[in-house]
Number of protein chains: 2
Amino acid sequence: MTSAELEIPEATGRSEIKVSVADDAHRKLRTKILQGEILPGHKLKFEILQQEMSVSASSLREALTRLVSDGFVTSEPRRGFSVAPVSIEELKDISRLRTILEPLALRDAIEHGDDAWEAQILATYHRFSKIDSLQGDAPGIRDEQWSHWHQAFHEALVAACPSKKTMQFRAVLFEQSERYRAISAARRKQSRKKSDEHRNLMEAVLSHDADQAEKLMVKHIELTSNSLIEILQAAQVQEQKAV
Amino acid sequence: MTSAELEIPEATGRSEIKVSVADDAHRKLRTKILQGEILPGHKLKFEILQQEMSVSASSLREALTRLVSDGFVTSEPRRGFSVAPVSIEELKDISRLRTILEPLALRDAIEHGDDAWEAQILATYHRFSKIDSLQGDAPGIRDEQWSHWHQAFHEALVAACPSKKTMQFRAVLFEQSERYRAISAARRKQSRKKSDEHRNLMEAVLSHDADQAEKLMVKHIELTSNSLIEILQAAQVQEQKAV
DNA sequence: ATCAATATTTTTTTCGAAAATTTTGACAAC
DNA sequence: GTTGTCAAAATTTTCGAAAAAAATATTGAT
């Protein structure tokens, strides 16, 4: 509950906490897939990845099987691993479940949240809105920062929800959506303006208006989802033309 | 969709399909933990497990990290793995979320289900009720069978739900509950009679009465949960006396 | 030229041992 | 009696190479 939770974990030196090599590989790959740096369907070959992150085959395998559990990678037994495919159907599924679980967590948070929770929401919103209002500098870095604080803001909103499982599932779905956003971001012309959505959402939450907060959250998820679906549909048409 | 799905996977020889060694170890351990054969908090040592299932350290580690993802095992980096602890708080959390997700899946299933779906429900109920009405023979084996067909029946009820993620999450929660049930089963004097609950549930589903089905499902989850909580509470009191 | 059979190469999977780390136990000092 | 230090033992983690399997190339017969 300290301010340490606000720091970017990647930025602060990773030298203090010693975790397993496989854990490291898992996180690195996860980030790359999440940010759309490695595209859906891409074959993940041992030799290349081993060199790239200097780990042994066994540890790499451990990392890959964990990514399968995460839903970011698929495995064909004895034929290796690939980045999980994306589909409009799956995105719709993810989004629909998000419209159930996010409001559930949000209502819990509003009910149980204390002053520290409210302060954290304000703080993360501040950081997020600064980046959100910025015009595109170096697009790659900006998107990474935007994504980080966007996630932090949404996390802060529901942080006071006492249900571990709800929090866990909503986090899984959030990250899945985030991959779709990152993949689409590479293809989009201009991003949807949603600064208002986030501010309104924050205000509803901070005024403990659960009904309004739920309404805005559902709307936010649906608008985002529809926007991504459009981009993916356009991309599919492009692919079909190419064939 | 064939009748093959009704077979007990463990019973039919495992010789045909060749999966990875780690996968095998993962499933074996998973089953043991799920059935309460290895108790919460128990340290999972490499040497012993390696011997027990004749597998190398790396493959075993892969299996264990997957069990961590599954939520059945916890890991303290560089201090090994243990069977995840249980708590009344967690059981309540799991059950509450089940009262959200099971009805969600059930409504979807009722809306989308076809004749094959209905037939499957009838078939699994038949198998389940036979075992359920039986008086305890060899308790260990009976419980295993009961658990298998109980799970198969609940799975069949929602099988027609088209949402992959909903199905995935509800399956995770079902298995988590099942571990609590198995652990409690070892301590209980006599099990709660719930044959009626299952039959009524089936009848509501087959008559496409979504509201009634939802009501019965929620009730079923809550009654089961409360019954398990009681047993766990009694066990806790016992432990405190012992100290 | 086509196909099947076989050899070669590439890639994944598994192991067993070495390295790193934590735990235990003995002994000494306060 | 407690605390601290150090070596020994136990345990986990990691690697690199061997084994197994799959993909690809080659050959030879029709």
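A quick note: this is a predicted structure, and the numbers were derived from the prediction, not measured. Note on naming: letters A, B, ... go to the chains in the order of the sequence lines (proteins, then strands), and numbering restarts at 1 for each one.
A:Phe128 has its ring centre less than 6.0 Å from the ring centre of A:Trp146.
When all heavy atoms are compared, the tightest approach of B:Leu91 to B:Ser225 is CD2-O, 4.2 Å.
Near DNA chain D, defined here as any heavy-atom distance below 4.0 Å, the residues from residues 58-74 of chain B are B:Ser58, B:Arg61, listed numerically.
B:Asp23 places its CG atom 14 Å from the C1' atom of C:dT14, with the value rounded to the nearest Å. In this structure, the CD atom of A:Gln51 is 13 Å from the P atom of C:dT12, given to the nearest Å. In this structure, A:Lys43 places its NZ atom 14 Å from P of C:dT10, rounding to the nearest Å. What separates CD of B:Glu76 from C1' of D:dT12 is a distance of 13 Å, to the nearest Å. Between the P atom of C:dT14 and the CE atom of B:Met53 lies a distance of 14 Å, rounded to the nearest Å. The CD-P distance, from A:Gln50 to D:dC15, rounds to 9 Å in whole Å. Distance A:Glu47 CD to D:dG16 C1': 14 Å, rounded to the nearest Å.
The side-chain contact (heavy atoms from CB on, under 4.5 Å) with A:His26 is formed by just one residue from the set A:Thr31, A:Thr65, A:Asp70; it is A:Asp70.
Under 4.0 Å is where a charged nitrogen must lie from a carboxylate oxygen, and between A:Lys92 and A:Glu89 no such pair does.
Annotation: side chain to side chain donor-acceptor pair (under 3.5 Å) contacts of A:His150 (sequence neighbours excluded): A:His154, A:His198.
Within the 4.5 Å cutoff, side-chain heavy atoms of B:Phe169 are placed close to those of A:Leu173. With contacts defined as side-chain heavy-atom distances shorter than 4.5 Å, the pair B:Lys164/A:Glu90 does not qualify. Between A:Val172 and B:Lys165 the shortest side-chain heavy-atom distance does not fall below 4.5 Å.
Each of A:Val55 and B:Gly80 lies near DNA chain D, and the nucleotide nearest B:Gly80 is the one positioned closer to the 5' end.
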Filtered N/O pairs between nucleotides 20-23 of chain C and protein, under 3.5 Å:
unit_1 : atom_1 : unit_2  : atom_2 : d
C:dT21 : OP1    : A:Lys18 : NZ     : 3.4

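For A:Ser56, the side-chain atoms get nearest to D:dC15 when compared with the rest of D:dC15, D:dA17, D:dT13.
Here A:Lys45 does not reach the OP1 or OP2 of D:dA23: none of its side-chain N or O atoms lies under 4.0 Å away.
Here the side chain of B:Trp117 pairs a donor or acceptor atom with the backbone of B:Leu157 at under 3.5 angstrom.
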